[in-house]
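Here's the structure we're looking at; comments come further down.
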Number of protein chains: 2
Amino acid sequence: MTSKRDKKTGLRGRAATVGLDKAQIVNAAIEQIDQRGLAAFSMRELARTLGVSPAVIYWHVGGRQEDLFAEVSAVITAALADEFEPEQSWQERLRSVFRRYRHLVHQHPKVAPLLGAQMKSNGVANLVWVETVLAALAEAGFAGESLRDAFNVLIGGLSGFVTMELAPPPADDSSGWQQTFAERVESIDAESFPHTHAVLPLISNRIFVLRWQNGADVSYDSSFELLLDIIIDGLTLRAQQQGVSRR
Amino acid sequence: MTSKRDKKTGLRGRAATVGLDKAQIVNAAIEQIDQRGLAAFSMRELARTLGVSPAVIYWHVGGRQEDLFAEVSAVITAALADEFEPEQSWQERLRSVFRRYRHLVHQHPKVAPLLGAQMKSNGVANLVWVETVLAALAEAGFAGESLRDAFNVLIGGLSGFVTMELAPPPADDSSGWQQTFAERVESIDAESFPHTHAVLPLISNRIFVLRWQNGADVSYDSSFELLLDIIIDGLTLRAQQQGVSRR
DNA sequence: ACCTGAACACCGTTCAAGT
DNA sequence: ACCTGAACACCGTTCAAGT
């Protein structure tokens with residue numbers, strides 16, 4: 001039965017009945033990370049769910065796990081290349097593109113560490129994205145070293161925020177870290193840490209260091225919007241100063 | 001010979017001659033990460049360099065690798081608890097504490113992903129740090145939800161920046177990714193990406209997405225300082241507005 | 001209390017061989 | 001061209017047993 005020829009490909013045997021390609025592998029990998037998290041991801045497990053020998057992943061995708069992760073990042077950030085309405089000001093275009101970035105990562109929160117904490121993934125070089133940001137900044141009047149700094153402020157500050165926001169909790173919390181930590185936060189000493197204690201009900205599990213759930217469970221929308229406002233306003237101010245100080 | 005009693009501890013046998021404790025294990029782990037990187041870190045390798053059975057690490061440090069990583073993070077960020085000169089304004093105190101944070105992480109750049117992309121590590125809860133930031137923001141006039149957002153803007157934006165800055169390059173770059181990527185950046189098409197191409201010499205390897213080395217090799221000092229300026233200025237402005245709009 | 005040794009259930013990656 | 005199966009050299013974690 002495996003010796004019959006496949007009508008589409010003309011191949012014989014197992015090779016014909018599998019017909020896997022890179023896109024399917026990458027999509028299956030995303031699904032697996034979405035479900036079990038990055039720490040639990042495994043090449044062998046992926047091969048198992050695809051019903052295939054582990055070696056085929058290496059054949060299709062390249063020699064290392066990092067290659068697969070780079071593909072995963074590329075697929076998830078691909079929509080950053082979508083068009084913008086051209087009548088928007090440079091400020092509005094920047095706002096849109098970084099809101100869009102955050103939205104995309106939020107659809108796959110467990111992939112966030114790949115984008116934020118691995119160079120081969122965050123440098124997967126969505127050139128359209130880079131061009132969009134650089135064009136907006138050039139229009140604002142940035143050039144030379146100040147353009148470089150402005151770009152890094154945007155990516156470092158805003159993508160960095162999203163990375164922190166979605167930092168994953170312990171993989172298998174059988175030891176009850178979340179519960180233990182929650183209790184520890186609730187019982188912070190009023191005399192040693194008066195300001196912290198005073199605002200405990202408002203900040204508990206809702207600020208970055210004293211929390212046991214991440215941005216997938218607790219909203220950081222208003223904090224992100226504030227950072228976005230502050231950065232865009234700050235760049236607007238400095239773009240003007242810069243325009244004045246040059247010739 | 002192993003049956004002689006140890007004079008200090010009174011223990012007999014191997015137990016007496018080893019005398020390991022948690023601090024030594026954590027320090028050895030930091031050293032190992034500093035040298036080989038986080039991706040190459042291994043509990044068994046750590047046990048090997050300590051000349052000890054793998055099980056002793058679990059005995060001293062807790063049941064999981066994440067527990068050890070949390071200890072590593074705690075040791076590295078411990079100096080955030082150092083005192084400040086009290087005559088500084090809230091702005092200067094915030095500047096100092098985040099410059100200090102960045103400085104500490106830069107001394108162990110390969111540990112950065114632990115602080116930025118793992119909740120159990122970044123939430124190791126240096127309470128003195130949190131208190132310092134909250135006290136400064138309270139003095140500025142922030143309260144309630146705006147206090148929460150201001151705190152998250154600072155940690156998310158600035159610690160997030162440091163995480164992105166120090167995102168590690170591929171572990172074992174035997175396939176020459178760095179070289180390949182560098183060439184790809186150099187040959188970016190002028191017609192498709194005019195703004196990017198125009199500033200290539202200034203941005204190549206020096207902005208976040210189009211780079212093949214991280215902040216341990218290439219300085220992002222001026223970009224970080226700009227972000228710090230923008231955030232502090234933005235918070236100063238909003239603290240005033242907030243003071244006006246309430247009662 | 002502190003440590004060893006062995007065991008269990010996995011990994012990532014490579015490679016010859018098959019169709 | 002695409003896939004299998006087996007092999008190599010590792011892992012993290014647990015547990016009974018030793019001193």
Side-chain angles (χ1 to χ4, degrees), chain A residues 1-6 8-25 28-29 32-33 36-70 120 170-175, chain B residues 1-6 8-25 28-29 32-33 36-70 120 170-175:
Chain A
M1 63 197 289
T2 54
S3 60
K4 277 183 190 164
R5 278 185 169 273
D6 186 285
K8 272 218 307 230
T9 62
L11 294 172
R12 287 165 294 155
R14 285 290 275 142
T17 73
V18 173
L20 215 52
D21 67 357
K22 201 199 297 216
Q24 291 175 56
I25 293 175
Q32 188 152 135
I33 296 171
R36 309 204 213 248
L38 203 56
F41 177 84
S42 134
M43 293 292 239
R44 293 183 103 106
E45 175 70 17
L46 177 61
R48 242 173 268 130
T49 70
L50 288 168
V52 111
S53 158
V56 328
I57 295 171
Y58 293 86
W59 194 91
H60 280 285
V61 119
R64 321 197 116 270
Q65 202 181 66
E66 265 164 341
D67 297 331
L68 177 57
F69 285 169
K120 196 165 177 178
D172 175 25
D173 195 16
S174 49
S175 66
Chain B
M1 61 197 289
T2 55
S3 61
K4 278 184 190 162
R5 278 184 169 273
D6 185 285
K8 274 219 306 232
T9 62
L11 293 173
R12 287 163 295 153
R14 285 291 275 143
T17 75
V18 173
L20 214 53
D21 67 356
K22 193 173 9 189
Q24 291 175 55
I25 292 174
Q32 189 152 135
I33 297 171
R36 308 203 214 250
L38 203 57
F41 177 85
S42 133
M43 293 293 239
R44 292 182 103 108
E45 176 70 17
L46 177 60
R48 242 174 266 129
T49 71
L50 288 168
V52 109
S53 160
V56 330
I57 296 171
Y58 293 87
W59 195 91
H60 279 286
V61 120
R64 318 197 117 271
Q65 203 182 66
E66 265 165 340
D67 297 332
L68 176 58
F69 285 170
K120 194 165 177 178
D172 175 26
D173 195 15
S174 49
S175 66

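The figures here come from the full heavy-atom set of this structure, side chains too, leaving out hydrogens, waters and symmetry mates. Within every chain, numbering begins at 1; the chains are lettered A, B, ... in the order of the sequence lines, protein sequences first and strands thereafter.
If you measure from atom CD of A/Gln32 to atom C1' of C/dC11, you get 13 Å, rounded to the nearest angstrom. Atom CD1 in A/Ile25 sits roughly 11 Å away from atom P in D/dC2 (whole-Å rounding). Here the P atom of nucleotide C/dA1 and the CG atom of B/Leu20 are 17 Å apart, to the nearest Å. Following rounding to the nearest Å, A/Arg36 (CZ) and C/dC11 (P) show an atom-to-atom distance of 10 Å. Residue B/Leu50 contributes atom CG, which lies 15 Å from atom C1' of C/dT4 at whole-angstrom precision. A/Leu46 places its CG atom 9 Å from the P atom of C/dG12, with the value rounded to the nearest Å. Across the protein-nucleic acid pair, A/Phe41 atom CZ and C/dG12 atom C1' stand 11 Å apart, rounded to whole Å. To the nearest angstrom, P of C/dT4 lies 14 Å from CZ of B/Arg44.
Atom CZ of B/Arg48 has more than 12 neighbouring heavy atoms from other residues, nucleotides or ligands inside a 6.0 Å radius.
Using a 4.5 Å heavy-atom threshold, the side chains of B/Leu68 and B/Leu46 count as touching. Contact of the A/His60 side chain with the A/Tyr58 side chain is not registered, since no non-hydrogen atoms from C-beta on lie closer than 4.5 Å. Residues B/Met43 and B/Pro54 form no side-chain contact, since every pair of their non-hydrogen atoms from C-beta on lies 4.5 Å or further apart.
Note that CG of B/Asp67 and CZ of B/Phe69 are 10.5 Å apart. Values are rounded to the nearest 0.5 Å.
The side chain of A/Val52 approaches D/dT4 more closely than any other nucleotide in the set C/dT4, C/dG12, D/dT4.
Looking only at distances, a side-chain donor or acceptor of A/Asp21 sits under 3.5 Å from a matching main-chain atom of A/Gln24. Within the 3.5 Å criterion, the main-chain N or O of B/Ala171 finds a donor-acceptor partner in the side chain of A/Glu66.
Across all strands shown, C/dA1 forms a Watson-Crick or G-U wobble pair, both distances under 3.5 Å, with D/dT19. In this structure C/dT14 sits in a base pair with D/dA6, meeting the Watson-Crick or G-U test at under 3.5 Å.
Residues from residues 54-67 of chain A that place a heavy atom under 4.0 Å from any atom of DNA chain C, listed by number: A/Pro54, A/Ala55, A/Tyr58, A/Gly63, A/Arg64, A/Gln65.
At the phosphate of C/dC11, OP1 or OP2 sits under 4.0 Å from a side-chain N or O atom of A/Arg48. Listed pair A/Ser42 / C/dG12 meets the phosphate criterion, a side-chain N or O lying under 4.0 Å from OP1 or OP2.
Taking the P atom of each, D/dA9 and C/dA9 are spaced 23 Å apart, rounded to whole Å.
Residue-level contact check: A/Ser53 touches the bases, meaning some heavy atom is under 4.0 Å from a base atom.
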